[in-house]
Amino acid sequence: MASIWNPHFNALSGEYLFVASAKEAKAYRESNPKLPLVSLGIGDVTRPLPQVIVDAIQKAALEMGAPATFRGYPPDGGYPFLREAIARYYRSLGIRLSPDEIFISDGAKSDLGGLLELFGDVPLLLPDPTYPVLRDAALLAGREVWYLPLTAEDGWVPTPEGLPMRPYIIYLCSPNNPTGVAYTKSQLAAWVRYARESGSIILYDAAYGAFASGAVPASIYQMRGSERCAIEIGSFSKMAGFTGMRCGWSILPKALDSKDCSPRALWARRQGSRFNGVGYVISRAAEAALSPQGRMGSAQAIHYYGENLAALRACLDAKGIPYFGGKDAPYLWVKTPHGMSSQEAFRYLLWEHGILVTPGSGFGKAGEGYLRLSAFASHEDTAEAVKRLESLSYPMST
Ligand code: PLP
């Protein structure tokens with residue numbers, strides 16, 4: 001008899017990547033190790049919120065406690081003050097958006113999966129390695145997934161060269177998790193051209209846009225014509241230390257509308273049935289994150305993580321270990337030593353040296369033979385990890 005439960009769960013790997021590595025890290029801690037664990041594993045922020053955000057939270061909390069200023073369900077699409085603040089943020093990048101093209105969310109993760117519901121029976125084109133959330137959402141919905149395997153030779157940047165001219169949902173993420181590389185304007189322009197010509201839609205994950213140095217795009221809408229073929233997903237998580245606060249946004253430009261369909265209207269309809277919005281206190285906190293003081297606080301945190309990147313890069317350079325990324329994104333994509341598999345190198349670093357990293361193979365088959373190092377740790381933990389990496393007795397050069 002057919003099972004009553006969704007059979008597509010069988011297509012997923014046994015455990016979500018970071019749940020599996022957190023379990024192994026717990027086992028290490030409980031083994032009473034000589035070396036305390038230092039984590040360059042999960043990409044979670046560690047810097048506290050800037051004071052301007054804390055003040056906004058306190059003020060909004062007091063408003064919620066007073067009869068005249070108490071608020072219930074948030075308005076559809078999000079509080080206008082936050083949609084306007086995000087439009088102003090985009091204006092600072094040279095992009096004109098109307099607040100009603102911006103939809104507030106509880107973070108990029110939920111929207112990445114949710115946005116797939118807008119599409120008909122179109123395959124998802126997914127670079128491999130990838131942040132696994134969209135892959136899992138597509139597989140769970142029984143959607144066809146076409147992988148674009150990336151390699152060191154192509155610098156871990158996907159290109160549309162040689163793809164058939166047919167519509168896809170194309171997932172692009174830049175600056176990229178897990179490879180830490182950011183796509184150049186000309187690389188993105190090729191994708192925009194392909195999407196326009198093939199009738200595809202790009203789902204552009206800009207969760208790390210704030211880490212882009214200026215030489216590379218922070219948003220797909222910096223590319224001419226992209227408003228006709230791209231939906232962008234943004235997040236306060238890494239930009240403003242909001243992983244524990246939960247707030248993000250998605251942009252569905254009016255330019256995507258055709259005479260028979262408005263994706264913006266579809267998303268509004270979908271959210272109306274499936275999402276009850278982001279609360280007032282968090283929305284005020286996110287607004288504060290985009291104020292001049294808030295943006296200065298973000299820049300300081302990004303600078304702090306940048307110092308970790310510099311320390312890790314210097315260590316890898318000195319040891320002659322090949323790596324990618326780590327300039328416009330808080331991740332380094334590091335070759336494993338001597339043909340070790342990602343899992344072997346992950347276990348070796350954890351159990352022999354107490355350093356938690358993420359195995360590249362967890363981000364897709366093409367990630368095999370690589371490790372992802374995160375720069376979100378404290379300076380102290382990063383310095384300790386660097387010290388241990390420097391003293392590795394195992395020959396680390398390839
Ligand atoms: N997209 C990418 C590429 C990410 O790395 C992450 C989180 O690590 C997310 C989206 C999810 O972000 P959020 O915290 O906004 O759900």
Side-chain angles (χ1 to χ4, degrees), residues 16-19 21-22 39-47 49 78 82 86 89 102-116 124 126-138 150 156-158 169-183 202-212 216-220 230-251 275 277-278 282-283 285-286 289-290 298 301-302 305 325-326 328-333 357-358 360 362-364 367 372-377:
Y16 184 60
L17 172 60
F18 297 106
V19 174
S21 38
S39 175
L40 308 179
I42 188 166
D44 197 357
V45 292
T46 52
R47 302 302 296 156
L49 297 173
L82 181 54
I86 294 171
Y89 162 70
I102 301 166
F103 293 80
I104 307 304
S105 71
D106 65 352
K109 194 181 205 175
S110 341
D111 273 13
L112 280 171
L115 282 161
L116 283 180
L124 171 68
L126 201 62
D128 172 6
T130 182
Y131 174 63
V133 161
L134 199 62
R135 174 193 68 199
D136 287 2
L150 308 180
W156 302 100
V157 177
I169 308 161
I170 302 168
Y171 175 66
L172 296 179
C173 172
S174 181
N176 188 266
N177 177 15
T179 64
V181 302
Y183 306 168
I202 297 171
L203 290 186
Y204 192 77
D205 186 338
Y208 297 93
F211 289 78
V216 289
S219 160
I220 186 97
I231 293 171
E232 179 159 303
I233 301 101
S235 172
F236 288 94
S237 283
K238 311 296 160 87
M239 171 195 207
F242 267 48
T243 54
M245 300 278 285
R246 310 308 309 144
C247 195
W249 66 88
S250 285
I251 295 172
F275 186 60
V278 173
I282 297 293
S283 297
L290 294 175
S298 289
I302 289 169
Y305 300 130
D328 293 294
Y331 302 114
L332 289 147
W333 186 241
V357 298
T358 308
F363 298 99
R372 191 196 72 173
L373 271 52
S374 158
F376 282 124

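The structure presented is a predicted model; accordingly, all values stated were derived computationally and were not measured. Indexing begins at 1, ligand by ligand and atom by atom, following the structure's order.
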* Asked: Where the side chain of S174 meets the backbone of Y183, is there a donor-acceptor pair that is under 3.5 Å apart?
  -> yes

* Structure fact -> On a heavy-atom basis, the closest approach of A138 and L124 is CB-CD2, 3.6 Å

* Return a yes/no value for S110: is any of its N or O atoms, backbone included, closer than 3.5 angstrom to an N or O of ligand 1? => no

* To the nearest 0.1 Å, how far is atom 12 (O) of ligand 1 from its closest protein heavy atom, and which atom is that? -> A108 CB, 3.8 Å

* Structure fact -> Tightest non-hydrogen contact, residues R372 and V357, listed as O-CB, 3.7 Å

* Is it true that a side-chain atom of S235 and a backbone atom of G107 form a donor plus acceptor pair closer than 3.5 Å? -> no

* Relative to the heavy atoms of G107, which atoms of ligand 1 are at a distance of less than 4.0 Å? -> 15 (O), 16 (O)

* Asked: Which atoms from ligand 1 have a heavy atom of N177 less than 4.0 Å away?
  -> 3 (C), 4 (C), 5 (O)

* Asked: Counting N and O atoms only, with roles assigned by atom type, does the side chain of K238 sit under 3.5 Å from a partner on the main chain of G43, one being a donor and the other an acceptor?
  -> yes

* **Heavy-atom gap C173 to ligand 1 smaller than 4.0 Å** => yes

* Do you know which two heavy atoms are closest between T130 and Y171, and how far apart they sit? -> OG1-CE2, 3.4 Å

* **Heteroatom proximity flag, S235 to ligand 1, N/O under 3.5 Å** => yes

* Could you tell me the residue and atom name of the protein heavy atom closest to atom 7 (C) of ligand 1, and the distance to it rounded to 0.1 Å? => K238 NZ, 3.3 Å

* Nearest protein heavy atom to atom 16 (O) of ligand 1, by residue and atom, and its distance? -> R246 NH2, 2.7 Å

* Please work out whether the ring planes of F242 and F236 are parallel, tilted or perpendicular, with thresholds of 30° and 60°. => tilted

* Structure fact -> The protein heavy atom nearest to atom 14 (O) of ligand 1 is S237 OG, 2.6 Å

* At a non-hydrogen distance cut-off of under 4.0 Å, which region of F236 contacts ligand 1 (side chain, backbone, both, or neither)? -> neither

* Does ligand 1 have any atom that is closer than 4.0 Å to a heavy atom of Y208? -> yes

* Contact check: D205 vs ligand 1, nitrogen or oxygen atoms, below 3.5 angstrom -> yes

* Going by heavy atoms in the side chains, are S219 and E232 under 4.5 Å from each other? -> yes

* What is the closest protein heavy atom to atom 11 (C) of ligand 1, and at what distance does it sit? -> Y131 OH, 3.3 Å

* Would you confirm whether T179, through its side chain, and W333, through its main-chain N or O, come within 3.5 Å as a donor-acceptor pair? => no

